[in-house]
2 protein chains.
Amino acid sequence: MVKITDVARHAGVSPSTVSYALSGKRPISEETRRRVEDSARALGYRPHAGARALASSRSNVLALVVPLRTGIHVPVVMQFAVSVVTAARDHDVLLVTQEEGEEGLRRVADTALVDALIVMDVQLHDPRLPLLRTLDRPSVMIGFPLEAEGLTCIDLDFRAAGERCVEHLAQLGHRVVALVGSPPQVYVRGTAFAQRVVQGFTAAADRAGIASAVHPCGTTPAEARRVAERLLSEQPALTGVVVHNEAALEPLVDAFEELGLRVPGDLSVTAICPDRLASTLRVPVTSVALPSAEVGERAVELLMRKLGGEAVPEATLLPPTLTRRASTAPRTVDPR
Amino acid sequence: MVKITDVARHAGVSPSTVSYALSGKRPISEETRRRVEDSARALGYRPHAGARALASSRSNVLALVVPLRTGIHVPVVMQFAVSVVTAARDHDVLLVTQEEGEEGLRRVADTALVDALIVMDVQLHDPRLPLLRTLDRPSVMIGFPLEAEGLTCIDLDFRAAGERCVEHLAQLGHRVVALVGSPPQVYVRGTAFAQRVVQGFTAAADRAGIASAVHPCGTTPAEARRVAERLLSEQPALTGVVVHNEAALEPLVDAFEELGLRVPGDLSVTAICPDRLASTLRVPVTSVALPSAEVGERAVELLMRKLGGEAVPEATLLPPTLTRRASTAPRTVDPR
DNA sequence: ATGAAAGCGCTAACAT
DNA sequence: ATGTTAGCGCTTTCAT
């Protein structure tokens with residue numbers, strides 16, 4: 001293994017000069033820098049990560065804590081992970097599963113394996129909050145707990161997303177709408193984003209003076225079909241549906257059509273889901289995108305600023321963007 | 001930060017005794033061990049990862065190199081990643097994207113950030129092979145290159161999987177079969193597993209004396225439909241289909257039915273895909289599972305043995321398991 | 001069974 | 001602008 005002293009000798013300078021020349025942490029004459037860089041390249045020098053971490057108390061590694069639980073759409077997690085890896089230019093990314101729990105966080109943080117953490121899928125009453133507050137490493141959470149005092153959170157503004165969908169339907173003249181939401185257990189464990197969609201959905205419907213109902217929904221086609229039937233029997237005048245459930249979206253639309261309802265002819269459907277999904281369905285669905293990539297980038301950016309000692313806002317809400325596609329249309333005067 | 005000397009003082013022993021007591025790397029009296037463990041717990045001692053890596057030249061971190069390219073089914077990658085994290089008990093997992101290329105591998109390996117590497121999505125002529133051979137850290141590849149001399153590979157036996165599907169169809173009396181494969185670019189870049197399926201499929205069909213054809217297929221519903229049409233026009237007597245393309249499976253079955261063919265009444269369909277997908281389709285599909293979890297576990301196990309200096313087989317092929325579901329049936333005497 | 005002490009390779013004060 | 005040097009916290013010989 002070639003080490004810094006080897007490079008120093010080869011370049012005819014001291015080890016510290018090599019360190020500074022390569023890190024740029026103090027001014028080095030143009031000529032010396034070139035010599036050092038040439039020597040480093042010639043010898044194939046790679047600083048030892050552990051030694052560097054020990055001496056500088058910086059590992060240049062971030063932890064990414066990913067959820068693996070029911071009701072979480074896997075591609076979203078993956079896309080997010082990729083965007084974090086990509087955005088974290090000079091940091092590597094350590095994958096921590098949520099199953100490792102608080103112990104996992106403590107392990108990577110307290111051993112100084114990582115400099116900072118990104119925590120996905122934060123619950124309203126997340127048991128990890130106290131720990132994240134006392135950890136001596138900065139963190140950014142994807143999602144909002146009930147009490148975020150002293151923490152840093154970022155996410156799509158799900159409340160606004162719910163509102164946006166209803167407003168879109170209301171503008172098209174729909175007067176009776178329903179929300180098909182996440183699986184029941186998602187609400188039970190208090191996932192903030194799911195509840196915020198409900199709030200936004202309901203508030204916007206009330207404000208527009210239109211009738212609304214909320215239905216949790218499982219992730220299998222069979223459950224989607226059951227929900228579709230319940231929807232129509234409970235709200236016979238229904239003409240607008242908001243879907244916040246990636247897995248159920250396609251089977252739901254299928255179920256509607258099997259039940260004799262054309263989309264968007266009889267029923268307008270909007271969703272909150274990745275664009276990729278909404279645009280590839282048989283009937284492309286009007287949707288508010290889950291901006292995984294943007295959330296990832298911004299999360300890393302916030303983390304870097306915190307690592308730099310900068311103060312950052314506790315909450316960052318990304319505004320929703322609704323893209324019109326083929327699944328929504330003005331309400332017909334005589335529906336059914 | 002509490003360090004090993006703090007624990008040593010608290011327990012009334014030397015730092016080396018603490019190290020040995022906690023690592024078990026040399027015999028320690030029962031009583032001393034207890035005292036050390038108690039002190040460590042009382043003080044909340046966590047060994048500094050960097051210091052440990054520097055002193056022991058072991059980081060206890062594995063690199064997982066994941067593909068992000070077209071034609072790769074994301075949930076499979078994610079599930080695999082999770083199984084690696086889970087199986088790698090005492091190692092953490094660093095996520096490296098394939099886009100970082102050879103430089104990425106070199107960075108994490110040469111800086112001693114990781115002890116070993118798991119490389120997914122290996123190509124037949126993978127440019128990383130020479131590097132992996134010369135790297136001073138062990139690696140395991142998921143997938144088989146053409147020339148694996150000196151390397152360690154593991155994967156589902158895709159050739160056998162292709163054979164298995166054909167044999168199943170042949171047993172049911174089908175005499176004309178087709179393989180719907182991966183997107184063309186997957187073959188173009190020489191992804192071994194895709195080609196092996198083709199080989200197995202073709203060989204088994206020839207052996208059984210039945211007619212066969214192979215059709216690459218894109219990942220969009222439109223492309224799936226186009227392929228379905230081509231299939232039927234080119235092989236009018238077709239009654240058995242093998243699908244090796246996660247994204248195309250569902251739209252393909254839909255397309256068949258829209259074209260007036262019942263599954264399995266007119267057309268028997270088998271797939272090579274995750275069980276999770278095969279079993280949740282409208283018509284549950286007879287399939288050979290992609291055992292992501294098992295591949296992950298076995299890969300980690302191989303890596304651990306290599307880290308322990310043990311010799312391991314160059315190639316590990318996991319035998320395919322076919323699960324019968326609703327999509328295959330005996331050929332009817334008078335098809336169409 | 002335990003202790004003393006020498007590094008592991010790097011960074012960052014502290015010189016000059 | 002560059003060099004000297006003292007650690008960073010741990011593991012692991014080498015002693016006893």
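A quick note: this is a predicted structure, and the numbers were derived from the prediction, not measured. The figures here come from the full heavy-atom set of this structure, side chains too, leaving out hydrogens, waters and symmetry mates. Naming: A, B, ... by sequence-line order, numbering from 1 per chain.
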J.: Answer whether the closest heavy-atom distance between the side chains of A/I118 and A/F80 falls below 4.5 Å.
T.: yes

J.: Less than 4.0 angstrom between a side-chain N/O of A/T17 and OP1 or OP2 of D/dG3, yes or no?
T.: yes

J.: Evaluate B/D6 against B/K3 for salt bridge (charged side-chain N to carboxylate O under 4.0 Å, His left out), listing each step before the verdict.
T.: CA-CA 5 Å; B/D6 299 328; B/K3 43 185 122 171; 5.9 Å; no

J.: Identify, between A/T5 and B/S14, the residue whose nearest nucleotide on DNA chain C lies closer to the 5' end.
T.: B/S14

J.: Provide, to the nearest angstrom, the distance between the CG atom belonging to A/D115 and the P atom belonging to C/dT11.
T.: 14 Å

J.: What's the CG-P distance between A/L54 and D/dC8, to the nearest Å?
T.: 9 Å

J.: Working to the nearest 0.5 angstrom, can you tell me the gap between B/D90 CG and B/L62 CG?
T.: 8.5 Å

J.: Tell me: CZ of B/R52 to C1' of D/dC8, nearest whole Å?
T.: 16 Å

J.: Can you say whether a donor on the side chain of B/Y20 sits under 3.5 Å from an acceptor on the base of C/dA1, or the other way round?
T.: no

J.: Can you sort out which residues in residues 24-44 of chain A have a heavy atom within less than 4.0 Å of DNA chain C? Ascending by number, please.
T.: A/K25, A/R26

J.: Please indicate whether A/E314 has more than 12 foreign heavy atoms, meaning atoms of other residues, nucleotides or ligands, lying under 6.0 Å from its CD.
T.: yes

J.: Mind calculating the distance between CG (B/N60) and P (D/dT11) to the nearest angstrom?
T.: 10 Å

J.: Would you classify A/S56 as touching base, sugar-phosphate or nothing, given that sugar-phosphate means primed atoms plus P, OP1 and OP2, and contacts are heavy atoms under 4.0 Å?
T.: sugar-phosphate

J.: Evaluate the side-chain proximity of A/L113 to B/V61: yes if any heavy-atom separation is below 4.5 Å, no if none is.
T.: yes

J.: Please check the phosphate of C/dG3 (OP1 and OP2 only) for any side-chain N or O of B/S16 closer than 4.0 Å.
T.: no

J.: How long is the line joining CG of A/D110 and P of D/dC10, in whole Å?
T.: 12 Å

J.: Begin from the C-alpha positions of B/R41 and B/D38 and carry the test salt bridge (charged side-chain N to carboxylate O under 4.0 Å, His left out) through to its verdict.
T.: CA-CA 5 Å; B/R41 201 167 318 113; B/D38 289 348; 3.5 Å; yes

J.: Can you tell me if B/E149 has over 12 outside heavy atoms packed within less than 6.0 Å of its CD?
T.: no

J.: Return the value, rounded to whole Å, for the distance between atom CZ of B/R58 and atom C1' of D/dT11.
T.: 13 Å

J.: Kindly say whether, by distance alone, the side chain of B/S57 makes a donor-acceptor pair under 3.5 Å with the base of D/dT11?
T.: no

J.: Starting at NE2 of A/H48 and ending at P of C/dC10, how long is that distance when rounded to a whole Å?
T.: 8 Å

J.: How many Å lie between NZ on A/K3 and P on C/dG7, as a whole number?
T.: 11 Å

